Q: 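Take a look at this one; I'll ask things after.
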Amino acid sequence: MRDGEKMLTARKSIVPTFAGGTLDRADQVRVNPDRLRAAMMNPRAKLLKLDGLNPVFDDYGDLAWGAAYEASPDNDLLLLGIEDETPFFAELNGAGDAGPLANRALWQTLGNLPADQAAIYATARSLVDWHARHKFCAQCGKPTQSRKGGWARLCDPEDSGCGAEHFPRTDPVAIMLSECDGKVLLGRQPRFPPKSFSALAGFLEPGESIEGCVKRELFEEAGIKVRDVRYVASQPWPFPSSLMIACTSVTDDPTLTLDEEEIEEAAWFSLDEVKAAMNGEQGALFVAPPPFAIAHDLLRHWLDSKA
């Protein structure tokens with residue numbers, strides 16, 4: 001497949017963790033000051049509870065909510081969306097530190113959240129973090145203020161600003177498998193625990209297509225040239241704000257030349273070896289990615305394609 005050609009889509013629907021959002025993001029409300037104010041004053045409006053950037057859970061393991069009127073009057077609110085005439089908000093100020101994000105119990109709880117709740121948290125975390133890191137205008141350096149229900153920041157010309165509007169960014173990342181002779185390529189970064197293998201990944205660069213990124217990253221990190229790039233699924237990844245774009249590809253030459261700064265180990269694994277790892281079997285050659293990671297969905301998709 002040449003760059004610029006339409007990618008083939010996956011045969012089976014995949015909804016990765018953080019991708020199952022159901023809220024109406026209500027753009028017509030967040031850009032209208034009167035409607036936004038009415039949503040904030042709605043007695044049914046809910047406020048997502050956060051501990052810094054980490055979620056707070058209720059006694060049932062779901063996201064914890066309070067009433068919107070409990071928010072500090074000095075705090076800007078983010079309109080997460082509306083469902084059944086109920087607005088959902090999060091506080092933007094005082095995000096603080098992300099806390100112990102590497103805590104395995106926290107990751108497990110996030111992975112077990114219902115799809116719609118996981119998507120709400122992903123949206124809130126990404127935007128709250130973005131506001132905390134973009135308090136000053138990149139154009140003139142003056143302070144900026146939240147606008148449009150938390151979906152923009154303005155360098156206010158009425159307060160000596162330049163008038164520039166700033167919008168939340170999402171960083172696209174290609175995460176990909178390559179297949180050769182019925183085996184699939186997986187790698188382990190130096191920061192991964194021993195035996196923990198996953199799909200290779202890398203950020204898209206300016207002026208680059210998804211297909212081009214897949215080909216470049218696999219050549220840079222593993223030394224292989226690939227073809228037939230196919231899109232599988234995507235996943236919002238709010239740590240801090242990426243979009244993981246899962247793809248598959250094919251190579252005719254399995255010879256590996258690793259970028260050892262990025263990849264400590266890489267190997268080709270057979271169908272049975274991947275099945276054993278995905279099933280958590282004792283004696284499996286590697287530890288599979290956890291279910292909340294799209295690399296897990298990508299490997300499951302590859303197994304399903306061989307069924």
Side-chain angles (χ1 to χ4, degrees), residues 1-2 5-22 107-108 110-116 118-119 172-189 192-193 195-202 210-211 213-215 217-218 221-222 224-237 243-256 263 265-307:
M1 177 183 288
R2 297 187 300 273
E5 290 183 358
K6 184 177 180 181
M7 288 182 292
L8 301 178
T9 56
R11 293 180 299 171
K12 294 186 178 181
S13 176
I14 296 173
V15 182
T17 302
F18 307 124
T22 59
W107 283 112
Q108 183 65 38
L110 287 174
N112 290 334
L113 280 176
D116 58 339
V173 178
I175 181 167
M176 53 271 178
L177 298 178
S178 186
E179 182 177 350
C180 184
D181 296 329
K183 293 185 176 183
V184 69
L185 176 65
L186 299 173
R188 189 179 73 81
Q189 295 182 13
F192 286 4
K195 295 186 65 177
S196 293
F197 281 74
S198 186
L200 275 59
I210 297 171
E211 298 94 331
C213 180
V214 170
K215 293 176 181 180
E217 285 288 342
L218 285 171
E221 295 189 355
I224 60 173
K225 294 185 177 182
V226 302
R227 56 179 172 83
D228 296 345
V229 177
R230 289 175 168 82
Y231 168 79
V232 176
S234 63
Q235 178 188 39
W237 189 250
L243 179 67
M244 308 299 293
I245 304 167
C247 298
T248 60
S249 64
V250 176
T251 185
D252 299 310
D253 183 356
T255 305
L256 299 178
I263 305 296
E265 296 179 81
W268 296 94
F269 294 96
S270 70
L271 184 68
D272 288 340
E273 289 166 345
V274 172
K275 282 182 179 178
M278 293 289 283
N279 292 334
E281 295 179 10
Q282 188 174 6
L285 293 183
F286 68 95
V287 178
F292 57 79
I294 198 170
H296 185 98
D297 297 300
L298 192 52
L299 282 171
R300 182 63 62 194
H301 165 77
W302 184 73
L303 291 177
D304 289 344
S305 72
K306 302 301 178 184

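Being a predicted model, the structure only gives us computed values, none of them experimental.
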Q: Which atom names give the shortest non-hydrogen contact between G202 and C213, and what distance separates them?
A: O-SG, 3.7 Å

Q: Let me confirm one number: the CD-CG distance from Q235 to L243, rounded to the nearest 0.5 Å.
A: 9.0 Å

Q: Nearest 0.5 Å, please: how far is CG in L299 from CE in M278?
A: 5.0 Å

Q: Using distance alone, with no hydrogens and no angle criterion, decide if D272 and S270 have a side-chain donor and acceptor under 3.5 Å apart.
A: no

Q: So, for P16 and A233, which heavy atoms are closest and what is the spacing to 0.1 Å?
A: CG-CB, 4.5 Å

Q: I would like to know whether L185 and L256 meet side chain to side chain contact (heavy atoms under 4.5 Å, CB included); could you show each step before the answer?
A: CA-CA 10 Å; L185 176 65; L256 299 178; 3.9 Å; yes

Q: Evaluate side chain to side chain contact (heavy atoms under 4.5 Å, CB included) for E217 paired with L200, printing each intermediate quantity in order.
A: CA-CA 8 Å; E217 285 288 342; L200 275 59; over 6 Å; no

Q: Are the side chains of F292 and L110 in contact, using a 4.5 Å heavy-atom criterion?
A: no

Q: Does any part of the side chain of I210, heavy atoms only, come nearer than 4.5 Å to the side chain of Y231, both counted from C-beta?
A: no

Q: Rounded to the nearest 0.5 Å, what separates atom NE2 in H301 from atom OG1 in T248?
A: 5.0 Å

Q: Can you name the nearest heavy-atom pair linking W302 to F269, along with the distance?
A: CH2-O, 4.2 Å

Q: I want to check something: taking the side chain as every heavy atom from C-beta on, are R227 and D252 in contact at a cut-off of under 4.5 Å?
A: yes

Q: Please report the shortest heavy-atom distance between G187 and I263, naming the atom on each side.
A: CA-CG2, 4.4 Å

Q: What's the separation between atom OG in S234 and atom CD1 in I14, rounded to the nearest 0.5 Å?
A: 10.5 Å

Q: With side chains defined as the heavy atoms from C-beta onward, is the minimum distance between I224 and D253 less than 4.5 Å?
A: no

Q: Taking the side chain as C-beta and beyond, is there a heavy-atom pair between V287 and P193 under 4.5 Å?
A: no

Q: How many angstroms lie between atom CG of L186 and atom OG of S198, to the nearest 0.5 angstrom?
A: 7.0 Å

Q: Could you grab the distance from atom NZ of K195 to atom CZ of R188, nearest 0.5 Å is fine?
A: 11.5 Å

Q: Can you name the closest pair of heavy atoms from S178 and V226 and give their distance?
A: OG-CG1, 3.4 Å

Q: Flag the pair W237 / V173 as yes when at least one side-chain heavy-atom distance between them is below 4.5 Å, and no otherwise.
A: no

Q: Tell me the closest heavy-atom pair linking F18 and A118, and the distance in Å.
A: CD2-O, 3.3 Å

Q: State, with a plain yes or no, whether a side-chain heavy atom of L177 is found less than 4.5 Å away from one of V232.
A: no

Q: Does V15 reach the side chain of D297, with side-chain heavy atoms less than 4.5 Å apart?
A: no

